[in-house]
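For reference, the structure discussed in these notes is given below.
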Amino acid sequence: MSACVPTRADDPRREEHSHEPHSPPPARRPRLAGADVSASIAVFLIALPLSLGIALATGAPLQAGLVAAAVGGLVAGRLGGAPLQVSGPAAGLTVVTAELIHQYGWRTTCAITVLAGLAQLGLGLLRVARTALAVSPAIVHGMLAGIGVTIAVAQLHIVLGGVPHSSVLDNLRELPAQLARVHPAALAVSVLTLALLVLWPRLPGRAGKLLRKVPTPLVAVAVATTTASLMGLSLPKVDLPSWSSHALAALPDGPVLGLVAAVLTITLVCSVQSLLGAVAVDKLVAGRPEQSAQVGRSDLNRELLGQGAANVVSGALGGLPIAGVAVRSSANVHAGAVSRNSTMLHGVLVVIAALLMVPILELIPLASLAALVMAVGIQMVSLHHIRTVTRHREVLVYAVTTLAVVFFGVLEGVTLGVAMAVGVALHRLTRTRITHDETEGVHHVHVRGQLTFLAVPRLSRTLHLVPQGADAVVELDGSFMDHAAYESLQDWQNTHTVHGGTVELVGRRSGVRIGEPTGPAGLQALTGVAAEESADCRCHPWTPWRNHQCEIPEAALLRDGQPGDAQGTGADDACGGAAPSDADGALRADGTDSTGGRGGIGGHGGTGEPDKVSEPSPTGGDADALARPDDPQDNTADASEDTGTGAATDTSRPSARQLARGISAFQRNTAPLVRGELARLAREGQQPSQLFLTCADSRLVTSMITSSGPGDLFVVRNVGNLVPLPGHESGDDSVAAAIEYAVDVLEVRSITVCGHSGCGAMQALLASEPGAAQTPLRRWLRHGEPSLERMSDEDRPWARLAGRAPADAVEQLCLTNVVQQLEHLRSHESVARALRAGELELHGMYFHVGEAQAYLLTEGHEDRVFDHVGVADLSA
């Protein structure tokens, strides 16, 4: 094994090699992958009956559904920015289109579709696609649920053998009469169709597994059609007139305001549904490694342009409005499609069917198609979505949108939903709870929520409950304070202080005094510390990681009996943190760093002492054994006296004093603030959202760099953030056990492998020599040897940072190691199973310690690029 690998910058041949061999030869024609062919057939078999059913539900000519399906596959598939998203007539557009046909006629509806497509093209050119994603998911899900209810109620009349009416209220009003005159043959065919839709995906056994590969909608419609034909049932069937009489678009005819509203409605529904569908397809693809390596992420602006072009063509040719369709797109992904060729080929198959399969299509009973569309409508009312919006306290927005869509229409429903979402947001902004209580002569005023001018009257009344000359503490628990609230609070503080009282303004996070207003709006930055804390440490209780920067007053050092501690053990460590050093010692295979001392992976050079506690853990326990939390005046030097014998903690040693001091600071400052949250977690159990696998380096504070708190991350730390391959653990199953527990028991949704700059493990790998003594550390680091081999492989492109080349071979190996460990993760059975089911995402991350900069891995077809994460990215 080579002791050192040259960087890309040092080897110009490598830079050239990483691009040319991976570029397709210009003269070679693109080949059609077998996976795309099979996927296109699966999608075609689903799209054909659904397109006819949606056309039937809207009242449009049945050919219009086939035209839209073909154009969606060929035009949107070729021009769109989501390669695996399949577009066509969507159930979400059924109600809107039916209303337009009823009001303006079919040919004017086609013209409206063309104008909506032009509007989408304009929005795509303005690159505002991501703005559509700012719409609250509760509004989108509510809109789809309302459309689903409308579809289901209308199609129920056809299922029963009748004719639907134009509005939901009319359909509901006439439903009892329709039940009294049920058509037995139509009901029988519909029930058969619905039964197959429910039972076919649940066929058991090996034979059932093979049969389930045939699309359920195709099976349901085909069996119902065959049964109706064999039994000779007299039912209305599909009627496809000659293409020579197919109606095309005409000039729009109607009131201008009505037409503008219609165009805006079609544009809004098509755009939002397509963009959300593209995002959902990206998530599906990310969970399937064999596809994610070949399919890039969606370009939402290009997708909007593709959808606009498809609507222009579909409307001009007399087709229905087009949007991305979730059912067909998910089928395309699960069938293994690897490019946009599958979507386009499905469009070709629809054209062939529309021209050559007319006699077969005309055998399909309308009742079967109505049952199929009714099932789709029912599925649009998702219990999962209802639970999600309830958990996020947006069920009111969801309910208002759904009911408004059902009773008033899509545009009106979305408008009312947006208004309700704005109202809920304003309510949350103005919802401020202000309480007052007195404890041992000190008056406490607690402000929970955002402090705006609307809360100033209540704030003023509560503050005036504090008697003149009394000691007062005002705790502000919120992230925003406007100018009116700031001035009211400052005026009261000045007046109360003049009359002999004391005021301490603290924040939940920082426990700090109010200084001068900052910014033109008078926003107040909370800085400073509580009086009892400032005597010993200037740290903020919510940021204990800053303890290594604290300065201990000389009086505190004398009280601890260590006046010379500033140079002996480091005065900067007085609060329990580890003093950082600029020297990052490389960890050798024998466990020593480059300075000759024994240390951690990040090895601080200088003293050779073990890393000190830098991140106190918020766990329960009897803190009195180490320090008395209710005695802020003497909670460090006399800690041994609190135990009775002093055996539990020997505070004569610097490390014991630092441990006791850190725990005492937690009990005094942080525990009261997190106790409620930890109590909830203790009751409900942990439900972390992700497994975070990173290095044991003391400089990586996972909660800090991910802005997470208790219960958010299931963290696994080891030397070099390594994931041993299954079967290579040699007795150490700890990492594999943690992965299995996180995926199978905790059901995390993502796993992140995080490397970092200056990693001692990677330095040790580069410096290792064949035949060296097999120490425990050396045996563990063998799991990183595939990363070294990957970096040495000339046939593989190197992982790299966006915007700059890796600084040296160590940084290059750190990046490569993250990519390699992600591949090791995919080899674990539990991870592979969750990825195949689309229930798990894998992420790579690199943290540059010196720059305090995080990079996330973006996996493309050829390159593995770590792109930096900045403040601007948070709103993306």
Side-chain angles (χ1 to χ4, degrees), residues 1 209 284-294 334 336 589 601 686 688-697 702 713-756 759 761-762 764-765 768 770 774-793 795-796 799 813-846 857 859 864:
M1 187 182 299
K209 184 177 181 180
L284 287 177
V285 174
R288 302 172 67 88
E290 67 278 6
Q291 289 172 282
S292 62
Q294 304 181 57
H334 290 303
I601 283 300
Q686 63 167 330
S689 59
Q690 62 177 303
L691 166 61
F692 198 85
L693 198 153
T694 189
C695 186
D697 193 294
T702 57
L713 301 180
F714 186 72
V715 181
V716 174
R717 305 185 70 146
N718 62 49
V719 174
N721 49 275
L722 302 179
V723 180
L725 283 167
H728 291 69
E729 295 90 347
S730 299
D732 184 3
D733 291 328
S734 60
V735 176
I739 293 171
E740 180 181 346
Y741 183 78
V743 175
D744 292 342
V745 179
L746 299 178
E747 297 180 348
V748 297
R749 301 294 298 173
S750 69
I751 302 179
T752 301
V753 176
C754 178
H756 68 96
C759 181
M762 300 300 103
L765 273 175
S768 61
Q774 291 297 304
T775 65
L777 178 62
R778 185 67 189 87
R779 286 195 295 271
W780 169 254
L781 288 180
R782 77 185 187 281
H783 299 303
E785 290 176 357
S787 301
L788 194 61
E789 295 171 0
R790 184 188 189 97
M791 192 173 73
S792 304
D793 190 349
D795 295 329
R796 289 187 175 183
L813 183 56
C814 291
L815 300 173
T816 304
N817 182 57
V818 171
V819 176
Q820 184 65 35
Q821 301 313 313
L822 287 173
E823 290 194 5
H824 288 185
L825 265 176
R826 294 187 177 95
S827 302
H828 287 260
E829 181 181 355
S830 57
V831 175
R833 184 171 57 251
L835 288 173
R836 286 194 299 269
E839 299 171 350
L840 185 66
E841 297 179 359
L842 301 184
H843 303 288
M845 179 176 169
Y846 176 74
L857 177 63
E859 296 190 25
R864 298 254 189 331

Can you tell whether the side chains of E785 and R778 come within less than 4.0 Å, N to carboxylate O? yes
Hey, can you pull the donor-acceptor pairs under 3.5 Å for the side chains in residues 827-834, sequence neighbours left out?
unit_1 : atom_1 : unit_2 : atom_2 : d
S827   : OG     : E823   : O      : 3.4
H828   : NE2    : P724   : O      : 3.0
R833   : NH2    : D744   : OD1    : 3.1
R833   : NH2    : D744   : OD2    : 3.3

Of all heavy-atom pairs linking C754 and T694, the shortest is O-OG1, 3.1 Å
Quick one: are R826 and L842 in side-chain contact, heavy atoms under 4.5 Å?
yes
Problem set entry | Any L822 side-chain heavy atom under 4.5 Å of L825 side chain | yes
Main-chain N/O of A737 paired with D733 side-chain donor or acceptor, under 3.5 Å: no
task: Run the numbers on Q774 and R779 for side-chain hydrogen bond (donor to acceptor under 3.5 Å, both in side chains), then give the verdict.
output: CA-CA 6 Å; Q774 291 297 304; R779 286 195 295 271; 5.7 Å; no
R790 side-chain N/O to N817 backbone N/O, donor-acceptor pair under 3.5 Å: no
- Query: Under 4.5 Å between any side-chain heavy atoms of V735 and L693, yes or no?
  - Reply: yes
*Mind checking whether Q686 and F714 have side chains closer than 4.5 Å, heavy atoms only?*
yes
Quiz item: Are L722 and W780 close enough, and set up right, to give a side-chain contact (heavy atoms from CB on, under 4.5 Å), and what steps lead you there?
Solution: CA-CA 9 Å; L722 302 179; W780 169 254; 3.7 Å; yes
**Asked** Hey, are the side chains of C759 and C695 touching, using non-hydrogen atoms and a 4.5 Å cut-off?
**Response** yes
Nearest heavy-atom contact between H756 and Y846 is C-CE1, 3.5 Å
- Task: Could you check L691 against V716 for side-chain contact (heavy atoms from CB on, under 4.5 Å), going step by step and ending with a plain yes or no?
- Result: CA-CA 8 Å; L691 166 61; V716 174; 3.7 Å; yes
Separation between CG (L813) and CD (Q820), nearest 0.5 Å, reads 10.5 Å
Hey, are the side chains of M762 and C814 touching, using non-hydrogen atoms and a 4.5 Å cut-off? yes
Smallest heavy-atom separation, R717 atom then T702 atom, equals NH1-CG2, 4.2 Å
(request) Start with the C-alpha gap between N721 and D697, add the side-chain angles, then the distance that decides, and say whether side-chain contact (heavy atoms from CB on, under 4.5 Å) holds. (result) CA-CA 9 Å; N721 49 275; D697 193 294; over 6 Å; no
Correct closest heavy-atom pair for L835 and L840 would be CD2-O, 3.3 Å
Report task. Report yes if some heavy atom in the side chain of L746 is under 4.5 Å from a heavy atom in the side chain of Y741; otherwise report no. Result -> yes
Task: Sidechain-backbone polar pair: S768 side chain, L765 backbone, donor-acceptor under 3.5 Å - done: yes
Of all heavy-atom pairs linking A764 and L781, the shortest is CB-CD1, 3.7 Å
Any donor-acceptor N or O pair under 3.5 Å, side chains E841, H843: yes
Quiz prompt | Side-chain heavy-atom pair L713, P688 within 4.5 angstrom cut-off | solution = no
Scanning both residues in full, the closest heavy-atom pair of V753 with V818 reads O-CG1, 3.6 Å
